[in-house]
Amino acid sequence: MRYYLLSLLALVFTSTLFSQTLDPIKWEASIEKEAEDVFILTFEAKLDKGWHLYSQNEAETDEIAPTPTEFSYNNTPETYELIGETIEPKGIEKYDNIFEMEVKYFEDKVAFTQKIKRVDKNLKAVKAEVFFSVCDDERCLAPEAIEFDINLAGTTKENKGDLTTITAEDKSKSEALFVDVKGKEVFPSEQVEKKSYLNIFILGFLGGLIALLTPCVFPMIPLTVSFFTKSAQDRKKGLFNAVLYGLFIFAIYVLLSLPFHLLDSVDPEILNNISTNVTLNVIFFVVFIVFAISFFGYFEITLPASWSNKMDSKATSVGGILGVFFMALTLALVSFSCTGPILGSLLGGSLSSDGGAMQLSFGMGGFGLALALPFGLFALFPNWLNSLPKSGGWLNTVKVVLGFIELALAFKFLSNADLVEHWGILKREIFIAIWIIIGIGMVLYLFGKIRFPHDSPIQKLSKARKTLGVVTLAFVIYLLPGLTNTAYANLKLLSGFPPPLFYSIYKKEAHGPLGLNAYTDFEEGVKAAKLQNKPIIVDFTGWACVNCRKMEEQVWSNPEIIEILKNKYVLISLYVDDRKNLSEDDQFKFLKPDGRVKNIKTIGDKWATFQTLNFQNNSQPYYVLLDSNMNLLNRTTAYTPDVGEYLKWLQTGLTNYKGK
């Protein structure tokens with residue numbers, strides 16, 4: 001008993017210093033009388049921003065899958081009846097590449113309702129339990145159950161459990177979960193940094209720089225800047241108009257993303273549907289094929305000429321600041337045949353990831369800034385105009401190269417549809433083979449072996465074409481291992497573009513992650529570490545943990561990392577959502593520091609409690625480096641997609657182990 005109390009005190013004390021225990025969801029239950037002996041129970045969940053709760057209706061599968069929300073009731077035919085099933089709202093439906101299935105989840109706030117009919121007139125209260133798990137973009141929490149006592153008179157309370165039911169045996173088994181981990185003051189837990197939108201902004205900026213090199217935009221730079229600097233009565237006014245022109249270009253492209261924010265605020269599901277809807281993905285595939293053929297020079301995609309003519313006339317007649325705005329709008333319309341496909345790529349890419357509308361704004365802002373920058377810079381330094389290369393055949397070369405890129409991107413959308421419907425026509429290796437063929441075609445074009453309608457005869461290959469051809473050939477060579485069933489097939493530089501590794505023409509059987517020998521019991525793993533004289537890596541994971549799979553597929557698969565995990569460490573993988581029941585002798589009741597009684601019935605219950613008790617963290621993935629005497633060898637860490645950072649973390653643990 002004394003040791004049990006000490007362990008709980010230790011948990012409370014260390015959680016003050018090192019805690020990252022998360023509690024992103026709050027449940028409330030209420031009851032409403034609808035008719036005589038008919039009641040409606042409502043269970044409302046409020047989630048912190050960025051977290052989501054899965055639907056009750058997730059498909060049953062033996063493979064990795066989200067943990068569905070489940071409600072259970074203590075009804076019997078003699079007490080009360082359930083009228084229908086527990087009802088949930090529409091929610092957000094999205095195809096998940098890791099689970100390889102459609103998933104449905106809820107954000108912010110969600111209410112579930114259950115109608116009941118009282119049979120026993122003396123029935124005063126009912127009990128209900130909700131079993132659930134929540135996730136954000138980087139981690140999932142271990143599933144847990146919350147019980148409610150619902151008084152039919154209208155009062156409800158959370159059932160924290162009966163403390164008097166905890167026996168001496170329960171206390172003894174609870175004590176056995178506690179491990180005296182040493183070194184927490186030396187290696188505090190990792191603080192998870194918030195994401196930024198810098199990456200999507202930079203990608204948009206790069207897209208804008210590419211658009212500058214197209215035949216629709218590049219010739220406009222010297223013409224427009226010269227117009228402003230020469231037509232103005234004084235140098236300062238010309239400079240002001242040129243800079244204003246650039247600012248308007250930037251603003252126009254940012255404004256193009258605003259409708260998606262309105263759609264997102266009306267129904268957050270819309271953007272997810274765009275990225276996962278089969279029909280829309282097939283349409284995107286066809287559109288991108290059309291874009292590619294247009295870039296190859298077989299026809300021109302343009303907006304109606306009346307639009308650009310009207311904007312041009314407005315710019316001439318209005319004059320002043322408003323006239324400059326219409327000039328910027330005219331450029332956006334006239335250049336659409338070149339910028340449209342690039343913007344389409346940005347649109348599709350942004351809406352295929354989380355936070356689409358905001359990411360789209362940052363991407364469009366980067367794109368607009370890149371387009372606007374030359375007009376301001378050349379107005380400031382007009383002598384630079386003389387250093388610009390002259391328009392010519394190289395502009396068409398840029399356009400054709402973009403056509404090959406659009407063609408490759410088109411198959412990404414077809415792949416999305418294929419994954420959703422399980423057609424099996426674009427398995428990972430087939431997808432990569434198509435990219436290799438497209439890459440070879442681009443190499444042949446750059447070296448002058450094939451030509452398109454608007455290409456002039458090549459007398460001599462330029463250095464730029466040779467360099468780009470060599471780079472493209474190197475990329476094709478990089479893709480080749482992706483066709484194999486080897487450790488080099490991962491192609492981590494392209495993570496997220498090809499179908500996932502498990503969507504393969506090869507049937508891969510694995511014992512543990514990536515075929516590694518993993519212990520699934522902590523004590524057995526520690527014994528093995530003592531016998532082998534090796535340090536321990538504890539992998540708190542889950543069958544339904546998306547980012548656990550991402551870490552295994554994208555980080556652990558690195559040759560250096562997998563060699564270390566295989567030969568230098570003893571791996572203990574503890575699945576916190578494993579719902580296999582413990583033997584009756586191993587089941588017990590655990591008193592949590594907040595006063596709740598938790599029933600430890602399943603393997604997942606045990607390891608989730610073990611993680612929270614000893615490491616004051618309840619999210620997955622979560623990694624701990626220890627020696628067999630329970631000394632920490634490095635700070636604990638969580639989702640770490642940077643291979644170099646994770647490798648350094650493992651190597652530091654090995655160094656600290658050898659130094660003991």
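Below, all heavy atoms of this structure are taken into account, side chains as well, without hydrogens, waters or symmetry copies. Just so it is clear, the model here is predicted, and its values are computed rather than measured.
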Would you check if Tyr519 and Val526 make a side-chain contact, meaning some heavy-atom pair closer than 4.5 Å? no
Side chains of Val134 and Leu47, heavy atoms from C-beta outward: is any pair under 4.5 Å? yes
What verdict does the side-chain contact (heavy atoms from CB on, under 4.5 Å) test give for Ile537 and Val624, after you've listed the backbone C-alpha separation in whole Å, the side-chain angles of each residue and the deciding distance to 0.1 Å? CA-CA 6 Å; Ile537 175 170; Val624 183; over 6 Å; no
Derivation of the salt bridge (Lys or Arg N to Asp or Glu O under 4.0 Å) call for Glu175 and Lys171: CA-CA 6 Å; Glu175 291 170 8; Lys171 294 171 184 175; over 6 Å; no
Quick one: are the ring centres of Trp27 and Phe148 less than 6.0 Å apart? no
May I ask you to check whether Ser172 and Asp170 show a side-chain donor-acceptor distance below 3.5 Å? no
Check Tyr639 against Met551 and note the closest heavy-atom contact, atom names and distance. CD1-CG, 3.7 Å
Taking the ring centre of each residue, are Phe112 and Phe71 less than 6.0 Å apart? yes
Please find the pair of heavy atoms, one from Phe43 and one from Ala29, that lie closest to each other, and give the distance. CD2-CB, 3.9 Å
How many angstroms lie between atom NZ of Lys46 and atom NZ of Lys26, to the nearest 0.5 angstrom? 10.5 Å
Parallel, tilted or perpendicular for Phe362 and Phe201, by the 30°/60° rule? perpendicular
Does some side-chain heavy atom of Leu177 sit less than 4.5 Å from a side-chain heavy atom of Thr609? yes
Val643 and Gln554 have their tightest heavy-atom pair at CG2-O, 3.8 Å
Determine whether Phe431 and Phe411 satisfy the following criterion, ring pair (Phe, Tyr, Trp, His ring centres under 6.0 Å), listing intermediate values before the conclusion. CA-CA 7 Å; Phe431 180 95; Phe411 284 93; 7.4 Å; no
Can you find a heavy atom in the side chain of Tyr105 that is under 4.5 Å from one in the side chain of Leu53? no
Testing Asn74, Asp149, Asn75 for side-chain hydrogen bond (donor to acceptor under 3.5 Å, both in side chains) with Lys127, which one passes? Asp149
Are the side chain of Ser174 and the backbone of Phe590 linked by a donor-acceptor contact shorter than 3.5 Å? no
A side-chain contact here means heavy atoms from C-beta on lying under 4.5 Å apart; do Phe39 and Arg118 qualify? yes
For Ser55 and Glu88, does a side-chain donor sit closer than 3.5 Å to a side-chain acceptor? yes
Exactly one candidate in Thr636, Thr637, Asp539 meets side-chain hydrogen bond (donor to acceptor under 3.5 Å, both in side chains) with Tyr622; the answer is Thr636
With distance as the sole criterion, is a donor-acceptor pair present between the side chains of Lys580 and Thr602 under 3.5 Å? no
Between Pro24 and Leu141, the two heavy atoms sitting closest are CD-CD1, 3.4 Å
Testing the basics here: between Asp577 and Gly542, what is the closest heavy-atom pair and its distance to 0.1 Å? OD1-CA, 3.2 Å
Which residue in the set Val126, Leu82, Ile87 passes side-chain contact (heavy atoms from CB on, under 4.5 Å) when paired with Gln114? Leu82
Look up atom OG in Ser573 and atom CH2 in Trp607, then write down how far apart they are to the nearest 0.5 Å. 11.5 Å
Criterion side-chain contact (heavy atoms from CB on, under 4.5 Å) on Gln620 and Asn547, from CA distance to verdict: CA-CA 8 Å; Gln620 295 77 44; Asn547 283 302; over 6 Å; no
With rounding to the nearest 0.5 Å, note down the distance linking OG in Ser72 to CD in Glu129. 4.5 Å
Testing the 3.5 Å rule here: is there a donor-acceptor pair between the side chains of Thr76 and Thr79? yes
Does the ring center of Phe615 lie less than 6.0 Å from the ring center of Phe540? yes
To the nearest 0.5 Å, what is the distance between CZ on Phe610 and CG on Leu574? 6.5 Å
Gap between atom CG of Asp521 and atom CD1 of Ile572 - 0.5 Å precision: 8.5 Å
So, the side chain of Glu70 versus the backbone of Gln56: is there a donor-acceptor pair under 3.5 Å, distance only? no
side-chain contact (heavy atoms from CB on, under 4.5 Å) with Lys589: of Thr167, Ile600, Asn599, only one passes, and it is Asn599
Using ring centroids (six-membered ring only for Trp), state whether Tyr623 and Tyr646 fall under 6.0 Å. yes
Where is the tightest heavy-atom contact between Asp585 and Glu169, given as atom of each residue plus distance? O-OE2, 4.4 Å
Whether the side chain of Lys550 engages the backbone of Val555 through a donor-acceptor N/O pair (distance < 3.5 Å, no angle test) should be reported. no
Quick check: do Phe132 and Ile146 have side-chain heavy atoms less than 4.5 Å from each other? yes
Have a look at Lys115 and tell me which of Glu32, Glu34, Glu85 forms a side-chain hydrogen bond (donor to acceptor under 3.5 Å, both in side chains) with it. Glu34
Do Ile92 and His52 pass the side-chain contact (heavy atoms from CB on, under 4.5 Å) test, and can you show the C-alpha distance, the side-chain angles, and the key distance before you say yes or no? CA-CA 10 Å; Ile92 298 170; His52 53 262; over 6 Å; no
Heavy-atom check, side chain of Leu582 versus side chain of Lys601, under 4.5 Å: no
Can you find a heavy atom in the side chain of Val538 that is under 4.5 Å from one in the side chain of Phe522? yes
From Leu565 atom CG to Leu516 atom CG, the distance as rounded to the nearest 0.5 Å: 6.0 Å
Does Leu626 form a side-chain contact (heavy atoms from CB on, under 4.5 Å) with Val181? I'd like the steps, not just the answer. CA-CA 8 Å; Leu626 296 165; Val181 178; 4.0 Å; yes
Side chain to side chain donor-acceptor pair (under 3.5 Å) involving Asp120 - partner list, sequence neighbours excluded: none
